[in-house]
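Only one structure is covered here, and it is reproduced in the block below.
Labels below follow one simple rule: chain letters A, B, ... track the order of the sequence lines, proteins then strands, and each chain is numbered from 1.
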Amino acid sequence: MTLKPLINISNLSQVNSFKFIPIDYDYFDWQQRNYIRIIGRDDKGKRLCVIDSCDVYLWAILEKDIKEKEIKNIINKISTIKLDIKGRQTKVDKVEIHNKKFLDEPVKALKIFATNYKDLHDIADKLDMKGIEKRRGYDLGFETHYIIEKQILPLQWYEVSGEILNNSEKFGGIDIALDVDICIKLEKARKIEKNSADFKPKFLAYDLECDEFQIGKGEILMISLVSENLKKVITWKAKNLIKDNNLLEYVEYVKDEAELIEKFVEHVKKISPDFLVGYFSDGFDLPYMKARAEKHKIKLSLGLDNSQPRFHRGNILTGRISGIVHIDLLRFIQIAYAQYLSSETLSLNEVANELIGERKTEFKFKHSSKIEHSEWLKYFEYNLQDSVLTFKLAEKIWPDLLEFSITDEEPIFDVSRFGLSKHVESFILHNLDKYNEIPEKRPTYEEIGKRKNQLPSVGAFVFQPSPGLYEDIVFFDFTSMHTSIIVSFNLSKGTLLEKKPSGKKDKDYYESPELEFQSKKTRFYFKKQPGFFPQLCKEIFEKRKKFKAEYKQNPSPISKARSSAFKVLSASVHGYVAFFGARYHSSEASNSILAFVRQLNKQAIEKTEQAGYKVIYADTDSIAFSRAKANKQEVKDFLNNLNSQLPGIMELELEDFYKRGIWVTKRSGDLGAKKKYALLDEKDNLKIRGFETVRRDWCGLAREVQSKVIKMILEEGKNEKALNFVKEIIKKIKNRQVSLQDLIIKTQLKKPLEEYKAISPHVIAARKMLKQGMPIDAGILISYYISESSTGKKKELVRDKVKLPEEKGQYDIEYYLNRQILPAVENIFQVFNLDLKEIIDGKKQTKLGDF
DNA sequence: GACTGAACTATACC
DNA sequence: ACGGGTATAGTTCAGTC
């Protein structure tokens, strides 16, 4: 154990106040009560542990019209509750009566204090008595409950003071077992005006290499570690090489795998990071290390209290280290970042390339037994570079983690793993006190089942476009449409009225447009009195606008991260209401939101047409029209006019002006395809939506040819150049001048291989990979190409011609011509009345330009 | 065995 | 189980003749 600095007792009264920023929250029991343990830093970078406690309670909501005497009886009954469970004695400490709100309804509720948070559920079970309608507030988790109760928020600065625990017996000697600089029992905490950005987190990135991908199956060959002043690869392989080669000064040699793991732990302890960061480390690196440590019967004691990582098995494995925040960057990127990245996969290589402009080291994997002496050097470099990239990514993404943590008021460990609904829900739960609201409970398993059994909702409206080339296009879209609808019409679970209010002349309620719900036409009605949920949505909406403006005015990683945190939050609110697992789920509210979305979009279309513009396209919250001879100012005036007619906080904004745009037909029929168009803005930037160009399951050549054709056509407004270009490409394909690399098709395996009912080409390719001993898991991207028939049969399926990229073979000219290149471009030329097939086959010469 | 619509599958848009 | 519905399009499957 690391020695702790001795604190001079005589100075205690002067030093027992610290500036403190909380990073990680955990809790423990002592003498049957719960104590929170916050690990953080002071302003000098010392590691602090703050111990604190808070009231533990749940709510019992009383029946309406309950009599005072009855309440007294209930209180008396509850006050005597004592439980002896799970080796604990827990009892109700006291009971108070409060005027609260639940789902916007005023209620009388009992605040029932108990000794241990973990027992609240059992206490709630004892409250199944007459007079008590609902029991709430015992399923938040103790850390969340504590943060709400004491308002000691993650990643905000506090001035804290209290009793310093120095080799104290208190709390079972917690400070002795903990590797921190100072441990205090909190007495006072005061929020101070110090920027969260002042805190510089200490990251340590790690990555391990092994022969077998299945957890624990192979040996760990090496582990790399990178922090601000450290680059290291620990290995027990290729000892001689290291001795001979002083280039490899970052390599540290140990005698075997067990020592490798112990060395890793030693380094982590020495560096003592705030965050231990990996890439897919929840699912791979950390559990792998744990499994190998178990195999060698050694302890992976990474925690500040020397505990081993604990794993939670949810949908995916989650690895937690006591006192050090373990972050799996891939998980955070997957959930909160992916939709704003252009990378086609979320591999470390692609993501690092996009975000920090660096790639992985090239290295061709081999089993370690087959690695040549000199190749180890490359392997070490490769391993190190992975940690270098992970470290740089962590620093790059830090502002986003920080802003999510501040927004959600939840610790980084959780925030980095939250799905979209959890971000919304955390924001709601941490702001309920402003509205005196008792939290709703998580839906039960049965409730979720019921919600999932409901018929699917009808979603947004998409305008049927006419295929063609258009000029001078304007795009408007609604600002945070779903969220602003919730606010403008006060839509939520709590504000929903059971039935249409009757006999009122002036409407004092909101009425949804007519909609189809469970196969019936109906409307829903909502209170006028603003509910807490819509009011919180208003806060999200306003902050989203404000932070977006601030970012535009003053771009910085922090202002960008703040803006994008609220962007994500705002964009997820409706999904949250519609989500069956949400505490504040409401299908009535969700369906009403969608009905308003359709109505408002259609109204905008009508008004645009009434104003004399030709509407080209619209999808959900956007509308595109041709401004023809109208100048930009006239368009802006029209926008203002539209806005003046919109209800509540609804607002349309000018998305952009475009020089040209193209809409094409569907592959079958003459109708225009929805969700498929391309635009050229006034700075000559292309914006392509839905076309094969942006689809990763088309080969590179088809995508590239299509995007070039679109570019030429939009820039020139004519097709000649593009047509000649396509003819050249076709010639190249026929002459086998195209490199195989450009013909690789990539398709993701979405589920385990054996679950496929239809055996499609990518399933065949995956089976081939499996045969070669490659790890085939759901989620991986399968690469293959279509080769010439080997059997020569006429009626051969595509899958029979599948070959892996490294398999020798010749590409199938026919396939790439007729199933990749031509389909990608032919309906673009059709806009000019050109039949590409006829032109290519030379059957009929369509006159160019006679459209 | 050829043809055809349905089913299955992946991926995009908002 | 861990945000929703709308939409296009390829390939295979299964039923028909």
Side-chain angles (χ1 to χ4, degrees), chain A residues 314-316 318 331 334-336 339 344 414 417-426 442-443 445 447-449 451-452 455-465 477-478 480-482 568-583 585 587 590-591 593-594 597-598 601 617-623 655 664-669 671-677 687-698 702 745-751 755-764 781-782 786 793-795 797-802 815 818-820 823-824 827:
Chain A
N315 201 2
I316 359 178
T318 296
R331 274 183 83 172
Q334 254 170 355
I335 298 159
Q339 52 181 323
E344 275 166 26
D414 304 281
R417 292 167 175 81
F418 274 177
L420 297 175
S421 72
K422 269 285 200 175
H423 287 296
V424 177
E425 192 153 281
S426 295
R442 250 188 264 132
Y445 192 74
E447 177 63 25
I448 289 178
R451 292 177 183 182
K452 279 164 76 176
L455 294 171
S457 311
V458 181
F461 167 74
V462 187
F463 186 88
Q464 174 65 65
D477 53 31
F478 283 94
S480 300
M481 191 184 206
H482 298 74
V568 169
L569 206 59
S570 184
S572 308
V573 167
H574 169 251
Y576 174 80
V577 174
F579 173 48
F580 49 79
R583 288 170 195 257
H585 164 83
S587 50
S590 169
N591 279 284
I593 294 164
L594 292 168
V597 167
R598 292 188 293 270
N601 189 265
Y617 187 61
D619 185 349
T620 312
D621 61 351
S622 73
I623 170 165
E655 197 263 332
V664 299
T665 59
K666 290 202 274 188
R667 203 78 87 220
S668 54
L671 280 181
K674 297 172 177 180
K675 299 187 183 291
K676 213 169 173 184
Y677 57 92
K687 184 167 169 177
I688 300 181
R689 293 286 117 102
F691 274 108
E692 285 72 12
T693 298
V694 298
R695 293 183 62 97
R696 69 166 177 205
D697 56 350
W698 282 68
I745 298 165
K746 294 174 184 169
T747 312
Q748 193 185 24
L749 206 64
K750 305 285 278 187
K751 53 188 178 189
E755 281 177 26
Y756 280 87
K757 289 179 193 160
I759 309 307
S760 47
H762 80 296
V763 173
I764 292 295
L781 205 57
I782 308 289
I786 304 304
K793 266 193 246 161
K794 259 193 182 168
K795 260 294 187 193
L797 294 173
V798 177
R799 68 172 174 212
D800 295 325
K801 299 186 281 188
V802 163
Y815 178 84
N818 293 324
R819 308 267 191 113
Q820 291 277 330
N827 43 16

Could you state the [atom1]-[atom2] distance from [X] to [N], rounded to the nearest angstrom?
X	N	atom1	atom2	answer
A:F691	B:dT11	CZ	C1'	16 Å
A:H423	C:dG3	NE2	C1'	11 Å
A:L455	C:dG5	CG	P	11 Å
A:D477	B:dC13	CG	C1'	13 Å
A:M481	B:dC14	CE	C1'	11 Å
A:R689	C:dA7	CZ	P	18 Å
A:Y756	B:dC8	OH	P	14 Å
A:Y576	C:dC2	OH	P	15 Å

Taking side chain to side chain donor-acceptor pair (under 3.5 Å) as the test, write out the residues that go with [X], two or more places apart.
X	value
A:E425	A:Y576, A:R583
A:S622	none
A:R451	A:E447
A:D800	none

Using a cut-off of 4.0 Å on non-hydrogen atoms, how would the nucleic acid contact of [X] be classed: base, sugar-phosphate, or nothing?
X	answer
A:F580	sugar-phosphate
A:V577	nothing
A:Y677	sugar-phosphate
A:F418	nothing
A:S421	sugar-phosphate

Could you list, one pair per line, each protein nitrogen or oxygen that sits under 3.5 Å from a nitrogen or oxygen of nucleotides 8-12 of chain C, together with the distance?
{"unit_1": "C:dA9", "atom_1": "OP1", "unit_2": "A:R667", "atom_2": "N", "d": "3.3"}
{"unit_1": "C:dA9", "atom_1": "OP1", "unit_2": "A:K676", "atom_2": "NZ", "d": "2.9"}
{"unit_1": "C:dA9", "atom_1": "OP2", "unit_2": "A:R667", "atom_2": "N", "d": "2.8"}
{"unit_1": "C:dG10", "atom_1": "OP1", "unit_2": "A:R667", "atom_2": "NE", "d": "2.8"}
{"unit_1": "C:dG10", "atom_1": "OP1", "unit_2": "A:R667", "atom_2": "NH2", "d": "3.4"}
{"unit_1": "C:dT11", "atom_1": "OP1", "unit_2": "A:Y815", "atom_2": "OH", "d": "2.8"}
{"unit_1": "C:dT11", "atom_1": "OP2", "unit_2": "A:R819", "atom_2": "NH1", "d": "2.7"}
{"unit_1": "C:dT12", "atom_1": "OP1", "unit_2": "A:R799", "atom_2": "N", "d": "2.9"}
{"unit_1": "C:dT12", "atom_1": "OP2", "unit_2": "A:V798", "atom_2": "N", "d": "3.4"}
{"unit_1": "C:dT12", "atom_1": "O3'", "unit_2": "A:R799", "atom_2": "NH1", "d": "3.3"}

task = Mind grabbing the angle between the end helix axes of the helix from B:dG1-C:dC17 to B:dC14-C:dG4? Five pairs an end, 10° rounding.
result =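 Roughly 10°, once rounded to the nearest ten degrees.
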
Name the closest nucleotide to the [X] side chain, picking from [options].
X	options	value
A:R696	B:dC14, C:dG4, B:dT11	B:dT11
A:V462	C:dT6, B:dC14, B:dA12	C:dT6
A:K750	B:dT11, C:dA1, B:dC14	B:dT11

Please list, pair by pair, any protein nitrogen or oxygen found under 3.5 Å from a nitrogen or oxygen in nucleotides 3-5 of chain B.
none

message = Could you check whether A:D697 and A:T747, counting side-chain N and O atoms only, form a donor-acceptor pair closer than 3.5 Å?
response =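 No - no donor-acceptor pair under 3.5 Å links their side chains.
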
inquiry  = The criterion is side-chain contact (heavy atoms from CB on, under 4.5 Å); which residues satisfy it with A:V798, sequence neighbours excluded?
reply    =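 Checked A:V798 against side-chain contact (heavy atoms from CB on, under 4.5 Å); matches are A:P761, A:I786, A:Y815, A:R819.
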
ask   = Distance check: side-chain N/O of A:H482 vs OP1/OP2 of C:dG4, anything under 4.0 Å?
value =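 For A:H482, the contact criterion (side-chain N or O under 4.0 Å from OP1 or OP2 of C:dG4) is not met.
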
inquiry  = I want to check one thing: is the phosphate of B:dC14, taken as OP1 and OP2, less than 4.0 Å away from some side-chain N or O of A:Y617?
reply    =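 No, outside the criterion.
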
query = Would you say the side-chain atoms of A:D477 pair up with the backbone N or O of A:D621, donor to acceptor, closer than 3.5 Å?
reply =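 Checked: no pair found.
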
ask   = Charged N to carboxylate O below 4.0 Å: is that the case for A:E692 and A:K676?
value =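 Counted as a salt bridge, because a side-chain N and a carboxylate O are separated by less than 4.0 Å.
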
For [X], check ring-ring contact (aromatic ring centres under 6.0 Å, His included) against everything at least two apart and list the hits.
X	result
A:Y617	A:W663, A:Y677
A:Y756	A:H762
A:H423	A:F404, A:F418

inquiry  = Could you work out, with salt bridge (charged side-chain N to carboxylate O under 4.0 Å, His left out) as the rule, every residue matching A:D619, not counting sequence neighbours?
reply    =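 Partners of A:D619 by the salt bridge (charged side-chain N to carboxylate O under 4.0 Å, His left out) criterion, ordered by chain and then number, come out as A:K675.
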
ask   = Can you tell me how far CD1 of A:I623 sits from CZ of A:F463, rounded to the nearest 0.5 angstrom?
value =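 So the CZ of A:F463 and the CD1 of A:I623 are separated by 8.0 Å.
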
